[in-house]
Each structure stands twice: as C-alpha cells, then as structure tokens.
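Quick caveat, the model's predicted, so the values are computed rather than measured.
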Amino acid sequence: MTKKSGRILVLLFALFACVGCDQATKVVASRQLATMPPISFWGNLFRLEYAENPGAFLSFGASMSEDLRFWIFVVSVSIILIAAMTFLIRHVGSWPMPTLLALVLVISGGFSNLLSRLLNDGHVIDFMNIGIGSLRTGIFNVADMAIMSGVGLLFLFSIRSPHDEEVEKSKES
C-alpha cells in the first residue's frame, strides 16, 4: 500500500464515520425526541430538543422560498462539496494529514446535512442546544459540530508559523 492510498483510506474512514454518526444520531433524535419536551442536563447547560431546520446554520435562510432554498442549500452546496472533494483528492499526497482531516470534517458535515435535507423534505434535523439562562446557541447537530471543528482546525493550521510547517514536513518524511 502506498502512502497516498493509506491516506485516502484514513480520510474515507473519517468521512464515513462522521456521516454515519450524524445520520444515526438524527434517526435517534427523530424517534425519541420529536414528541418529547426538551431534556436538560447539568442545570440546563446542555439541552436535547428536536427541531427541523429548513435553513442553514442558525436557521439562516429559513424564510426563503422553497425553490430558493433548494437552489442554495441543495444545488449550491452539492457543487461546493464536489469542488472540496476534488481539491482534497488533488492534494491528498502533498498536504499535511491534520489539514486534510480538518477538511474532511467540513466535507462530511456538509454532506451529511445535505443528505438529511434530501431525506427530510428539505429540512435538517437538529437536536442539541447549549447555553446559560436565556443566552443559548441555536439548535445544532453532529454534522454542524464536524463543520465547526473542521473550520476551527483549518483556521488554527493557517496561522501556524513557517517553522511549524517545516517540522511537520520533516516528520512525514
């Protein structure tokens, strides 16, 4: 097995694991939480509550027409995900593995939310909420956490010093 094919297998495993975890938790949420009131943990710091989101992050675009949401959240997202996968495949042998894994987190979260939207009449199932008192996040899901983690890691990797990149390259050799 070549280094490149080994990297591809690791990245595919990460992609399928993220999508699988997100889809499984959405199934559980739709079966268990859809008819229940919110369930609170740790003094209401963490809350499980079912929501179907027709929009994107924090319900952005939820008030758009159904046709416009389709073009933005299905067609455009599909094109972006294909471009990101193409970019990933082209750079799998030359980019540091942590950067590639961060990109896979973003792609897998996007793909899983796209899949959810296709399976649920244009809606994404969300079920987690964090906050203190009235200061709360929007309701989100595992795919959203993967996307945010990947974006955060990509940001952190982008601000590394050139010395850090030289050390990383020497470790990979």
_Which residues pass the side chain to side chain donor-acceptor pair (under 3.5 Å) test with S76, not counting sequence neighbours?_
none

*Does R47 have any side chain to side chain donor-acceptor pair (under 3.5 Å) partners at least two apart in sequence or in another chain, and if so, which?*
E49

*Residues in side chain to side chain contact (heavy atoms under 4.5 Å, CB included) with V27, at least two apart?*
R31

*Partners of S134 by side chain to side chain contact (heavy atoms under 4.5 Å, CB included), sequence neighbours excluded?*
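By the side chain to side chain contact (heavy atoms under 4.5 Å, CB included) rule, S134 matches no residue at all.
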
Only distances under 3.5 Å count here; give the side-chain donor-acceptor pairs of residues 81-92 to other protein atoms, sequence neighbours excluded, each with its distance to 0.1 Å.
from	atom 1	to	atom 2	distance (Å)
T86	OG1	I82	O	2.8
H91	ND1	W95	NE1	3.1

*Would you indicate whether the side-chain heavy atoms of H123 and R117 approach each other to under 4.5 Å?*
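The answer is no, as the side chains (C-beta and beyond) never meet within the 4.5 Å cut-off.
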
_Any N120 side-chain heavy atom under 4.5 Å of E52 side chain_ = no

In Å, rounded to the nearest 0.5 Å, how long is the span from [atom1] of [X] to [atom2] of [Y]?
{"X": "D67", "Y": "I72", "atom1": "CG", "atom2": "CD1", "result": "11.0 Å"}
{"X": "F140", "Y": "I147", "atom1": "CZ", "atom2": "CD1", "result": "12.5 Å"}
{"X": "L115", "Y": "F111", "atom1": "CG", "atom2": "CZ", "result": "5.5 Å"}
{"X": "F73", "Y": "N53", "atom1": "CZ", "atom2": "CG", "result": "8.0 Å"}
{"X": "S40", "Y": "L45", "atom1": "OG", "atom2": "CG", "result": "10.0 Å"}
{"X": "D144", "Y": "M128", "atom1": "CG", "atom2": "CE", "result": "7.5 Å"}

_How about CZ on F41, more than 12 heavy atoms from neighbouring residues, nucleotides or ligands closer than 6.0 Å, or not?_
yes

Backbone N or O of [Y] within a donor-acceptor pair of the [X] side chain at under 3.5 Å?
{"X": "N141", "Y": "D126", "result": "no"}
{"X": "N44", "Y": "G133", "result": "no"}
{"X": "T25", "Y": "D22", "result": "yes"}

Kindly work out whether a path of hydrophobic side-chain contacts (I/L/V/M/F/W/Y, heavy atoms less than 4.5 Å apart) joins [X] to [Y].
{"X": "L114", "Y": "F70", "value": "yes"}
{"X": "L135", "Y": "W42", "value": "no"}
{"X": "I80", "Y": "V124", "value": "no"}

Looking at every non-hydrogen atom in both residues, tell me the closest pair between [X] and [Y] and how far apart they are.
{"X": "A146", "Y": "L105", "result": "O-CB, 3.4 Å"}
{"X": "Y50", "Y": "S30", "result": "CE1-CA, 3.4 Å"}
{"X": "A143", "Y": "N113", "result": "CB-OD1, 3.5 Å"}
{"X": "I139", "Y": "F127", "result": "CG2-N, 3.4 Å"}

_Under 3.5 Å side-chain donor-acceptor pair for S116 and Q23_ = no

Return a table of donor-acceptor pairs under 3.5 angstrom between the side chains of residues 11-21 and protein atoms on other chains or two or more places apart.
none

